[in-house]
Amino acid sequence: MPAPEPGLVSSLLRDQLGRRLHDLRVSVTDRCNFRCSYCMPKSVFDRDYVFLPQSSLLSFEEIHRLVRVFLMLGTEKVRITGGEPLLRKHLERLIEMLASLGTPSGKPLDLTLTTNGALLRRKARNLREAGLSRLTVSLDAIDDRVFRKMNDVEFPVADVLDGLNAANEAGFTDIKVNMVVQRGVNEHQILPMIEYFRHSGHILRFIEFMDVGSSNGWTMTSVFSSSEILKLVESQYRIHQLAENYAGEVARRWAFDDGSLEFGLIASVSEPFCQSCTRARLSTDGRLYSCLFASEGWDLRSLLRGGTPDGDLAASIAAFWHQRLDRYSELRTEATSSLRKRQKIEMSYIGG
Ligand code: SAM
Ligand code: SF4
Ligand code: SF4
């Protein structure tokens, strides 16, 4: 990738399609204690797989500094992810460092985290006390056998549910529960998940299976679409659509008429939302990506470690964003997915 032209820092920073740099996803580890077949299949992420060495990882101080620079450029929301972010040692220290940052407009930073929930029982209270605002927990099935098969490490569903309870007890509210739906694998879990989470206060979100990375065996036919999910739910319950929380929200929001559940549909494949995609991703080793499906990242770690001052870092990130044209999901077909297979980056590295 050519070096971006410096000097484009602006409070009205926009990419080539007019999109702001509103959200940053930060991957704090490329490792995970699960082997979900749609993300880190065992056949690839096996004993011989070489994960990043400790020295390659951005330190908490480096992440804190970069996030501060992103806030200068208009970013208002930061999501900590991975890999499994709760595997990163002393993560609560990073949360505490980031929670103390404010946006230039004086708004508090919206700081959130996505986890598989396996370590939540142990960590929820510390995360809350460190200042984490919100939490998303991934859970693909409520049936123990289906869940164990999907995480592929025999992890019991009861322990994730216990982690969710721990998060409740720690004071987290509006917890989101993410379910990736794969045809032939777990679509029969949609209604049982709904029954389980009705009256829980959690927001259930159904995500279409995406062709991220190059190892998850994705085909268009394995996508159980949001409209199919909606049809299924409507056949059983009375529901109504809710307004967007904010312009460009990726989930379409729905609620049960009896107030027992809010759920969201994330139609990343069948109804792509690239036009309003305001997300950048920072990989575990400090490369910046402008799209989940990008093949090359911008090496911010070298700039950080090379002594680049904040102003120049900001200029470099602004220039990177300014030249952004990504809209992969709008262009995706079965053919583009397999054509690009070799170049795509794994989600566990770039941050889901
Ligand atoms: N390990 C954490 C977790 O599972 O919540 C955080 C990282 S994970 C990569 C972030 C999110 O990406 C999870 O909700 C996961 O279900 C989702 N994800 C991973 N691979 C996916 C795929 N191929 N299609 C759609 N969503 C995917
Ligand atoms: Fe791990 Fe999350 Fe990927 Fe599953 S989706 S393998 S829990 S990083
Ligand atoms: Fe954003 Fe890329 Fe996904 Fe489109 S394909 S919504 S540009 S991350």
Side-chain angles (χ1 to χ4, degrees), residues 15-17 19 21-23 25-42 44-45 51 79-88 112-120 135-141 147 150-153 155 160 163 176-182 185-186 204-219 222-224 226 248 250-251 266-269 271-281 283-284 289-295 321 324-332 336-337 340 344-352:
D15 71 7
Q16 293 295 303
L17 302 178
R19 300 167 295 188
L21 173 48
H22 180 263
D23 322 38
R25 299 202 158 193
V26 180
S27 174
V28 291
T29 177
D30 59 337
R31 292 165 198 255
C32 189
N33 44 358
F34 285 11
R35 285 292 177 272
C36 307
S37 56
Y38 57 73
C39 178
M40 295 179 77
K42 259 186 188 165
V44 177
F45 294 86
F51 289 98
R79 180 176 296 276
I80 304 298
T81 180
E84 174 44 42
L86 300 190
L87 288 181
R88 180 83 186 246
T112 170
L113 177 141
T114 304
T115 171
N116 62 25
L119 298 170
L120 254 189
L135 197 58
T136 299
V137 177
S138 303
L139 182 64
D140 297 324
F147 183 62
M150 289 186 78
N151 64 55
D152 213 9
V153 293
F155 197 85
V160 177
K176 295 192 176 109
V177 176
N178 276 0
M179 171 179 178
V180 176
V181 186
Q182 259 180 288
V185 177
N186 65 338
L204 192 53
R205 304 202 310 172
F206 300 104
I207 304 178
E208 289 179 354
F209 174 38
M210 289 186 288
D211 51 332
V212 280
S214 47
S215 51
N216 72 3
W218 182 91
T219 60
S222 55
V223 179
F224 194 80
S226 287
V250 296
I266 304 185
S268 345
V269 178
E271 291 168 56
F273 32 78
C274 299
Q275 292 304 322
S276 55
C277 178
T278 54
R279 291 177 183 169
R281 290 179 156 84
S283 71
T284 317
Y289 291 86
S290 54
C291 175
L292 186 51
F293 300 91
S295 46
W321 191 258
R324 176 182 190 243
L325 267 168
D326 304 84
R327 54 189 195 98
Y328 175 82
S329 287
E330 288 182 349
L331 308 172
R332 170 199 291 115
T336 56
S337 175
R340 292 186 46 150
K344 286 190 289 184
I345 308 290
E346 297 299 336
M347 200 164 183
S348 46
Y349 161 78
I350 195 176

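Because only heavy atoms are used, hydrogens play no part in the values below, and waters and symmetry mates are left out as well, while side chains stay in. Atoms within each ligand, like the ligands themselves, are counted from 1 in listed order.
If you look at atom 4 (Fe) of ligand 3, the protein N, O or S atoms less than 2.8 Å from it are Cys274 SG.
Thr284 meets the side chain to side chain donor-acceptor pair (under 3.5 Å) test with Ser27; sequence neighbours excluded. In this structure Val269 satisfies the side chain to side chain contact (heavy atoms under 4.5 Å, CB included) test together with Glu208, Met210, Trp218, Met220, Val223, Arg332, sequence neighbours excluded.
Remark: side-chain polar atoms of Asn186 are paired, donor with acceptor, to backbone N or O of Val180 under 3.5 angstrom. Distance alone, capped at 3.5 Å, is enough to place a donor-acceptor pair between the Arg324 side chain and the Ser290 backbone. Side-chain atoms of Glu84 come within 3.5 Å of backbone atoms of Asn116 as a donor-acceptor pair (strictly under, hydrogens ignored). Without hydrogens or angle criteria, Arg35 side chain to Phe45 main chain gives a donor-acceptor distance under 3.5 Å.
Using a 4.0 Å cut-off to heavy atoms of Gly83, the atoms of ligand 1 that qualify are 1 (N), 2 (C), 6 (C), 7 (C). Atoms of ligand 1 lying under 4.0 Å from at least one heavy atom of Asn116, given by number and element, are 2 (C), 3 (C), 5 (O). Contact atoms of ligand 1 toward Asn178: 14 (O) (distance under 4.0 Å to a heavy atom of the residue).
The protein residues lying under 4.0 angstrom from ligand 2, judged by non-hydrogen atoms, are Cys32, Phe34, Cys36, Tyr38, Cys39, Met40, Gly83, Asn116.
The closest non-hydrogen atom to atom 16 (O) of ligand 1, taken over Val177, Val180, Thr81, Asp140, comes from Val180.
Ring planes of Phe155 and Phe147: perpendicular class, angle over 60° (limits at 30 and 60°).
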